[in-house]
Amino acid sequence: MELKRYLKKHFKFEEFRPGQEETIESVLKGKHTISMLPTGTGKSLCYQLPGYLVDGPVLIVSPLLSLMQDQVEQMMAMGEKRVIALNSFLSPQQKAKALEELERFRFIFISPEMLGIESVLNRIRKVSVSLFVVDEAHCISQWGYDFRPDYLKLGEFREKLGQPLTLALTATASKEVRKDIAEKLHLGDWNEVVYSVDRPAISLALEFASTFQDKLDRTVELVKYLKGPGIIYFSSKKVAEQTAVHMREKGIKNAMAYHGGLDSESRVLIQQQFINGQLDVVCATSAFGMGINKENVRYVIHFHMPMQIESYLQEIGRAARDGRDSIAILIYSPGDEQLAYQLAEGELPDQYQIERLFAFIIDNQIVYKDLADRAEELSIICGFTEIQWRIVEDYLSNLEALDYKIDKQSLLQLIENRLEVKNTKIKKMLGWVHTKECKRKVILEMFGEELQERPRNCCISCGIDIDHYKETEPSSEQSLAAVDWKQELASILLMRERI
DNA sequence: CGGTTAGCCGCTAGCGGCTAACCGGTGCGCTAGT
C-alpha cells in the first residue's frame with residue numbers, strides 16, 4: 001500500500017508489474033535479493049524506487065556503456081538529476097569532477113572494469129553505498145570466467161565497499177547460474193524472486209537444412225513470408241553481412257547487418273532504425289540485443305545455433321514483448337555445432353601456446369612477478385589473443401597466494417576444465433535441438449520449472465500452424481514518413497553528449 | 001565442420017578449376033599517435 005504511493009509519486013504508475021513489488025519489499029527488508037523477472041517487466045524500477053527510500057546512493061553495475069547511457073537519459077527525462085554514469089564516455093576531466101562531487105548523486109552507474117580501478121573503488125567507498133545493484137547479472141556466469149574477468153571480482157569489490165545490501169537482476173538464469181551469481185557476489189544468505197522464463201506467446205520452431213545454400217534460401221523465404229519485423233542471429237559477422245546484402249538483392253529492402261565489428265555510429269544508427277520501425281530485419285550477431293526495447297518483434301530466426309540455451313532464450317526473448325503471438329525458428333544443418341565448438345576453443349589458449357610461454361619464461365629467466373608487466377611482449381611471442389592472455393594473466397595473478405609456485409600442468413588443467421564447461425553447454429543446446437519431446441517442456445526443465453499449460457502453437461514437437469505468423473497486410477510502419485537518418489543520428493549523439 | 005580465398009597449374013594469353021590454408025562472438029578502459 002505504502003509502496004504504491006511512492007510508485008505514483010515518483011513514476012506516475014498506478015500498479016506494479018509482476019515481481020516488482022516483491023523484489024522491492026525484499027530489498028527494503030534488508031535482504032540480498034536475486035530477482036529473475038521476464039524481459040520487459042521494468043527491472044530498473046526495482047532499484048530506482050528503493051533509491052528514494054534509502055539513505056546512501058545506489059550503485060548500479062551495468063554491462064554495456066550504451067545501456068548505462070540509456071538509463072541515465074531516461075532518468076534525466078523523468079526529472080532525476082542526481083544520476084551519473086561513471087565510464088569512459090567521460091573525459092578525464094569530467095571523470096575527476098564527477099568523482100570529486102560524488103556525494104551529489106543518488107544513482108551511480110558503473111562498469112565492472114571501472115569499479116575495479118582502485119582509486120575509483122576507494123572513492124566510492126567513502127560515499128557508503130546503500131544498495132549495490134548488478135544489472136543483467138547472468139553476465140557474471142556468462143562472461144566472468146574469461147571474457148570479462150572483472151565480473152568475477154564483483155564479490156571482492158563488494159566486500160571492499162563494506163558488503164552493502166545487494167540486488168542482482170536478470171531475465172534468464174538457471175538455478176545453477178543463480179547459485180553462481182550468489183557465490184561470486186559473496187552474498188551468503190539471499191532471497192530469490194523468481195518468475196517463469198516461459199514466454200507462451202513465442203512459438204518454438206525448428207527446421208533442418210541439409211546445406212548452407214538450402215539454409216540461406218529458406219531464411220530468405222521465411223523473411224519474405226513471415227510477419228515482421230524480425231531478427232536473424234548468426235555466429236559469424238561475415239555471414240551476417242553477406243546475408244543482409246543477399247536479402248537486399250532478393251528484394252528485402254530494409255535489411256541491415258549488425259555486429260561488434262561496426263563502428264559505433266553505425267551501431268547506434270541501425271539499432272535506432274530498428275526500434276523506430278524503419279528496418280524489416282536485422283542480420284545480427286550476439287552483439288545485438290541487450291537494451292533493445294522493441295515491443296513488436298514478431299520473429300527471431302537462428303541461422304546458427306547459440307552456444308548455450310541461456311543465450312538462445314535471451315535472443316528469442318526479444319520477440320513478443322507486447323505479448324502478441326510471435327515465432328522463434330532455429331534452422332539447423334548437420335555439423336553446425338562445430339562452429340560453436342570452434343569458437344569455444346579459440347578463446348582459450350592452446351597447449352602449444354602454453355608450451356611457448358613456459359619455454360620463454362625459462363629461457364629468459366623471467367621472474368613471475370614481472371610477467372604481468374611484460375604482457376604485450378609475451379602475447380606477441382606466444383600468439384595469445386587479448387582474451388587468451390587474460391586467462392593466463394588471471395591465473396598468474398592468483399599465484400602470489402601460492403608463493404609463486406607455478407606449474408604448467410595446473411594451468412593446462414584449468415584451461416581444460418574451462419573448455420569442458422563450455423562444451424557441456426554446447427552439448428546441452430544440441431540435445432535440445434535433437435529432442436523429439438516438447439521443446440518448451442525441456443527448456444523449462446533446464447530452469448527447474450514444470451510446464452503448466454501448453455499454449456497454442458507451442459513448439460515443433462507439439463505442432464505449429466506456421467500460417468498463423470504469415471504477413472497478411474503491408475506493414476503500416478513502413479509507410480511512415482521517411483526519416484532523415486543523418487539528422488536523426490546527429491540528434492542521438494547530441495543527446496548523449498549532453499549527459 | 002564448412003565457407004572463403006589465395007595461389008597455382010594448365011592450356012594457350014586471360015580464365016577455369018583445383019587444392020591447401022585460414023577463419024569463425026560477446027566489451028570494457030587506456031594509450032599512442034594523428
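Computed over heavy atoms, backbone and side chain alike; hydrogens, waters and symmetry mates excluded. Proteins come first, then strands; the chains are lettered A, B, ... in the order of their sequence lines, and each starts at number 1.
- Rounded to the nearest Å, the gap between the C1' atom of dT26(B) and that of dA20(B) is 31 Å.
- If you check residues 111-120 of chain A against DNA chain B, the residues with a heavy atom closer than 4.0 Å are S111(A), E113(A), M114(A), I117(A), listed by number.
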5'-to-3' dot-bracket of DNA chain B (Watson-Crick, G-U; under 3.5 angstrom; crossing pairs as [ ]; | other strand): ((((((((((....))))))))))..........

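- Nucleotides of DNA chain B lying under 4.0 Å from heavy atoms of chain A occupy a range whose first and last members, 5' to 3', are dC1(B) to dC30(B).
- At a threshold of 4.0 angstrom between heavy atoms, the contacts of Q242(A) are confined to the sugar-phosphate backbone, with no base atom among them.
- Within the nucleic acid shown, R267(A) comes within 4.0 Å of sugar-phosphate atoms alone, with no base atom in reach, counting heavy atoms only.
- For F109(A), the ring pair (Phe, Tyr, Trp, His ring centres under 6.0 Å) criterion is met by no residue, not counting sequence neighbours.
- Along DNA chain B, the nucleotide closest to I387(A) and the one closest to Q338(A) are compared, and the more 5′ of them pairs with Q338(A).
- Ring geometry for Y312(A) against H302(A) counts as tilted: the plane angle lies between 30° and 60°, on a 0 to 90° scale.
- Among residues two or more places apart in sequence or in another chain, the ring pair (Phe, Tyr, Trp, His ring centres under 6.0 Å) test is passed with F360(A) by none.
- Counted within 6.0 Å of CD on Q351(A), heavy atoms from surrounding residues, nucleotides or ligands total 12 or fewer; the atom is thus considered open.
- Interatomic distance, OG of S379(A) versus CD of Q388(A), reported as 9.0 Å (0.5 Å rounding).
- Across dC30(B) and dG25(B), the matching C1' atoms stand 23 Å from one another, rounded to whole Å.
- Within residues 214-221 of chain A, no residue has any heavy atom closer than 4.0 Å to DNA chain B.
- Residue contacts for E347(A): at a heavy-atom cut-off of 4.0 Å it reaches a base atom on one of the strands shown.
- Of the candidates R390(A), R418(A), K422(A), E347(A) forms a salt bridge (Lys or Arg N to Asp or Glu O under 4.0 Å) with just one, namely K422(A).
- Considering only residues two or more places apart in sequence or on other chains, E100(A) meets the side chain to side chain donor-acceptor pair (under 3.5 Å) condition with none of them.
- Taking atom C1' on both nucleotides, dT5(B) is separated from dT12(B) by 25 Å, rounded to a whole Å.
- Residues satisfying the ring pair (Phe, Tyr, Trp, His ring centres under 6.0 Å) test with Y151(A), not counting sequence neighbours, are none.
- In this structure, R267(A) has no salt bridge (Lys or Arg N to Asp or Glu O under 4.0 Å) partners at least two apart in sequence or on a different chain.
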Worked check of side-chain hydrogen bond (donor to acceptor under 3.5 Å, both in side chains) between T39(A) and R199(A): CA-CA 10 Å; T39(A) 31; R199(A) 303 285 305 280; 3.1 Å; yes

Side chain to side chain contact (heavy atoms under 4.5 Å, CB included) between L226(A) and R298(A), intermediate numbers included: CA-CA 8 Å; L226(A) 293 169; R298(A) 292 276 75 88; over 6 Å; no

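- Remark: S174(A) pairs with E310(A) by the side chain to side chain donor-acceptor pair (under 3.5 Å) rule, at least two apart or across chains.
- Nucleotides dC11(B) and dG17(B), compared at atom C1', are 12 Å apart to the nearest Å.
- For the side-chain contact (heavy atoms from CB on, under 4.5 Å) test, residues two or more places apart in sequence or in another chain that qualify with K175(A) are R178(A).
- Contacts of D336(A) with the nucleic acid, taken as non-hydrogen atoms under 4.0 Å apart, are absent.
- Identified under the ring-ring contact (aromatic ring centres under 6.0 Å, His included) test for residues 252-273 of chain A, with sequence neighbours left out: Y258(A)-F288(A).
- Distance check on atom C1': dG14(B) versus dG10(B) gives 12 Å, rounded to whole Å.
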